[in-house]
Amino acid sequence: MRHTWTLIGLLAGLCLIGANTTQLIPAATGAGRVGWMLYLIAFPITLAGLVWIGWTWTSMTCVIYGTVGLALDLATVTSILGGQGETSALFLLSAMSGTVNFLLILFGGRAFLHSFQGTALPESRPPSPPSPSSSARP
């Protein structure tokens, strides 16, 4: 896959942002916090591992994950700007996460589209001319 290290880097960035975000979610307690940790940390780690293995369908899964994450980030930013939440750290983390999710959509889509372009077969070399010391003379 062409954008393997880019996708892995973006997923690692989402893990770091997600680790900080799970500490700021006030409504998540118990099972809710575990669910958010799975979604924000474990799922990107799993995707990064599958991208590293080289499975091409994983790039489309990154696009889907980035789309859902971007929608959640936009909803969070909208609610903060509407005055229904704290405005400092969560707003900054949501803006950063939204940017990384957008880049994940962009590069994941490019990797998926490039996966359909097969590798070009090497061209065969022309045959070597016969050696002058060869017994086969025309």
Reported OG1-to-CE distance for the pair Thr21 and Met37, which is rounded to 0.5 angstrom:
11.5 Å
Nearest heavy-atom approach of Val77 to Ala95 is CG2-N, 4.5 Å
The side-chain contact (heavy atoms from CB on, under 4.5 Å) partners of Leu72 (sequence neighbours excluded) come to Trp36, Tyr39, Val68
Run through Leu7, Leu10, Leu11 and flag the one making a side chain to side chain contact (heavy atoms under 4.5 Å, CB included) with Leu47.
Leu11
Is there a chain of hydrophobic side chains (I, L, V, M, F, W, Y, each step under 4.5 Å between heavy atoms) that links Leu104 to Leu16?
no
Reported OG1-to-CD1 distance for the pair Thr4 and Ile53, which is rounded to 0.5 angstrom
11.5 Å
Test ring-ring contact (aromatic ring centres under 6.0 Å, His included) applied to Phe43 - qualifying residues, sequence neighbours left out
Tyr65
Counting C-beta onward and ignoring hydrogens, is there a side-chain heavy-atom pair between Met60 and Val63 closer than 4.5 Å?
yes
Which residues pass the side chain to side chain donor-acceptor pair (under 3.5 Å) test with Ser97, not counting sequence neighbours?
Asp73, Asn101
If you take all heavy atoms of Trp52 and Ile8, which pair is closest and at what distance?
CB-CD1, 3.7 Å
Can you name the nearest heavy-atom pair linking Ile41 to Cys15, along with the distance?
O-SG, 3.5 Å
From CG (Leu38) to CD1 (Ile45), nearest 0.5 Å:
10.5 Å
Flag, side chain of Ser79 to backbone of Thr76, donor-acceptor distance under 3.5 Å:
yes
Which of these passes side chain to side chain contact (heavy atoms under 4.5 Å, CB included) with Asn20: Leu92, Leu40, Leu93?
Leu93
Looking only at heavy atoms, which two atoms of Cys62 and Val51 are closest? And how far apart?
SG-CG2, 4.0 Å
